[in-house]
A.B. asks: 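Here it is, the structure in full.
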Protein chains: 2
Amino acid sequence: MTPKAIQVACSNCNLRELCMPVDVTDQDMDKLDSLVATRRKIRRGESLFSNGDRFDALYAIRTGFFKTRVTTEDGRDQVTGFQMAGEIIGLDGIVGDRHSCDAVALEDAEVCEMPYGRIEELSREVPALQTHVHKIMSREIVREHGVMLLLGSMRAEERLAAFLLNLVQRLHARGFSRSELVLRMTREEIGSFLGLKLETVSRTFSKFAEDGLIEVKHRHVRILDIEALRTLVNAPEGR
Amino acid sequence: MTPKAIQVACSNCNLRELCMPVDVTDQDMDKLDSLVATRRKIRRGESLFSNGDRFDALYAIRTGFFKTRVTTEDGRDQVTGFQMAGEIIGLDGIVGDRHSCDAVALEDAEVCEMPYGRIEELSREVPALQTHVHKIMSREIVREHGVMLLLGSMRAEERLAAFLLNLVQRLHARGFSRSELVLRMTREEIGSFLGLKLETVSRTFSKFAEDGLIEVKHRHVRILDIEALRTLVNAPEGR
DNA sequence: CGGACACTTGAATGCTGTCAAAAGGGGTGG
DNA sequence: CCACCCCTTTTGACAGCATTCAAGTGTCCG
């Protein structure tokens, strides 16, 4: 028995419902199993791909936690998202044959590499996969709309509340607590994502703790009053 | 001779190189001509689609100018982009079978409606179209990364300069002047897109004019010193 | 175990928002 | 086609939130 061979098949992957289309025949599933060419381990701090790298595959995160960020020549940078198990990264590379952002592991991670050419081939044969790929890209577009709303119209407290709610919701969908979470990123990275300085992030954490909304102990956060956080995000007065 | 029938064919459309893949055989081009089901005219102020509408087609803009915006129940809203001839809108609807944003015409417009089911079908038959669709979605993702960078790390002057440069560049690609433009949107809409209040937009326009970078006469803008604008955007110190 | 890095907190500055008022245009209806 | 009215835009004064600069503490990784 070769456990490794079993693990490599998407059909046996416990993240299947996150990465793969739901309705596929056994026959199609056999094809989809051939999508993942290799597994790749990435260590904390290392990049899965970087701005300028040739694009040739999408990656499904099996374990670990990533950030993606865009940078400019003049030193500006912006974290564009945090990604966890079951999520797909690399979509930015399709348009220009090169990646336009960096994907950095925030903890040791493992990803499934899916050669893009193979994705296109199989998409033509398996309509369910085709639709699935389109939905993944559309979902990313919609997610970014939400981030734009956050960056363009929310104040610091609202941004951080929205960030925490989003994170805990995604973690809960993966079987973790709905009230407790461990942040894998620094205050500076949170700030970059939220368009705030790290001091503002830290201060806002402290204020939430003072107000009894959360408990913060460095990177451990416990949500005490999730309703209050929701109310904050839906505050009637925008910026 | 029926000029209308001729116009409906993508193969004869002067925007073809903006909407369609470049390398297609004549045979494939015949197929692609069947993509556009109908033309639709939208009058200034009307919506092409709205949040919650059932999704069933993508739209290629033939003429006119749109804004897309997301809104929340509590009255927050955010302009997520401005779209002009040759650009594709509606991608947000794929993931949830319903649109999650509004597309509003800022001037009288005409769009080509491409039923999504037909796009999927043809994508399976014509690989060049498949790749093209993927690139369009990927391009939108990358564009939004740029907007996130703008919203998350730039100050008011930098944002407005980046906005003007982007707009004039896209207009120039469509045969318009590279230094003169007519804004189709209000100061408030610019502000919503840039995460600023309309007064700040107005003030920043005035400052640019005082500094000799541009000439502003309501919605007519003439760029006098494009290099200065570029320098502003690439300013070494971010927010 | 030690040092670099991450985090917290304080004080002051400043950019952008808010409120207000006036002027200018453009669109619509007669 | 013209005139009127409303919406858009501009500008000023002031307030507030987030940034900046600085110092001290804590902690995690090698």
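Just so we're on the same page: letters track the sequence lines, and every chain starts at 1.
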A.B. asks: Between R76(A) and E158(B), does any NZ, NE, NH1 or NH2 come within less than 4.0 Å of an OD or OE carboxylate oxygen?
C.D. replies: yes

A.B. asks: Name each donor-acceptor pair under 3.5 Å that joins a side chain in residues 218-229 of chain B to protein atoms two or more places apart or in another chain, with its distance.
C.D. replies:
from: D225(B); atom 1: OD1; to: E227(B); atom 2: N; distance (Å): 3.4
from: D225(B); atom 1: OD1; to: A228(B); atom 2: N; distance (Å): 3.0
from: E227(B); atom 1: OE2; to: R230(B); atom 2: NH1; distance (Å): 2.6

A.B. asks: Quick one: ring-ring contact (aromatic ring centres under 6.0 Å, His included) partners of F205(A), sequence neighbours excluded?
C.D. replies: none

A.B. asks: Partners of E87(A) by salt bridge (charged side-chain N to carboxylate O under 4.0 Å, His left out), sequence neighbours excluded?
C.D. replies: R170(A), R174(A)

A.B. asks: How long is the line joining CD of E158(A) and C1' of dG16(D), in whole Å?
C.D. replies: 14 Å

A.B. asks: Between E113(B) and R39(B), is the closest basic N to carboxylate O distance under 4.0 Å?
C.D. replies: no

A.B. asks: Below 3.5 Å is the cut-off: list the nitrogen or oxygen pairs between protein and nucleotides 25-28 of chain D, distance only.
C.D. replies:
from: dT27(D); atom 1: OP1; to: H218(A); atom 2: NE2; distance (Å): 3.0

A.B. asks: Show every side-chain hydrogen bond (donor to acceptor under 3.5 Å, both in side chains) that has at least one partner inside residues 200-210 of chain A, sequence neighbours left out.
C.D. replies: K207(A)-D211(A)

A.B. asks: Salt bridge (charged side-chain N to carboxylate O under 4.0 Å, His left out) with E107(A): which residues, sequence neighbours excluded?
C.D. replies: R184(A)

A.B. asks: To 10°, what angle do the rotation axes through the five end pairs on each side of the helix from dC1(C)-dG30(D) to dG30(C)-dC1(D) form?
C.D. replies: 70°

A.B. asks: Closest approach to the side chain of L196(A), judged atom by atom: which nucleotide of dC15(C), dT8(C), dA18(D) is it?
C.D. replies: dA18(D)

A.B. asks: I'd like to check the salt bridge (charged side-chain N to carboxylate O under 4.0 Å, His left out) partners of D102(B); sequence neighbours left out, ordered by chain and number.
C.D. replies: R69(B)

A.B. asks: With the criterion being N/O to N/O and under 3.5 Å, what pairs connect the protein with nucleotides 5-8 of chain D, and how long is each?
C.D. replies:
none

A.B. asks: From CD1 of I190(A) over to C1' of dA18(D), roughly how many Å is that when rounded to an integer?
C.D. replies: 17 Å

A.B. asks: Whole angstrom is fine here: how far is it from CZ in R155(B) over to P in dG17(C)?
C.D. replies: 13 Å

A.B. asks: Whole angstrom is fine here: how far is it from CG in D108(B) over to P in dG27(C)?
C.D. replies: 11 Å

A.B. asks: Say you draw a straight line from CG of D108(A) to NZ of K41(A); how long is it, rounded to the nearest 0.5 Å?
C.D. replies: 9.0 Å

A.B. asks: Specify the separation, in whole Å, of atom CD1 of I214(B) and atom C1' of dT9(D).
C.D. replies: 14 Å

A.B. asks: Could you tell me the separation between the NZ atom of K197(A) and the C1' atom of dC7(C), rounded to a whole number of Å?
C.D. replies: 16 Å

A.B. asks: Using 30° and 60° as the class boundaries, would you call the ring planes of F55(A) and H99(A) parallel, tilted or perpendicular?
C.D. replies: perpendicular

A.B. asks: Base, sugar-phosphate, or nothing: which does L198(A) touch, judged by heavy atoms less than 4.0 Å apart?
C.D. replies: base

A.B. asks: Quick one, which residues of residues 199-209 of chain B touch DNA chain D with a heavy atom under 4.0 Å?
C.D. replies: E199(B), S202(B), R203(B), S206(B)

A.B. asks: Could I get the full list of ring-ring contact (aromatic ring centres under 6.0 Å, His included) partners for F65(A), not counting sequence neighbours?
C.D. replies: none

A.B. asks: Check the distance between dT19(D)'s C1' and M154(B)'s CE and give it to me in whole angstrom.
C.D. replies: 18 Å

A.B. asks: Partners of F193(B) by ring-ring contact (aromatic ring centres under 6.0 Å, His included), sequence neighbours excluded?
C.D. replies: F82(B)

A.B. asks: Measure CG/L160(B) against P/dT9(D) and give the value in whole Å, please.
C.D. replies: 13 Å

A.B. asks: About how many Å separate CD of E189(B) and CG of L183(B), when rounded to the nearest 0.5 Å?
C.D. replies: 10.5 Å

A.B. asks: Would you call E110(A)-R40(A) a salt bridge at under 4.0 Å N-O?
C.D. replies: no

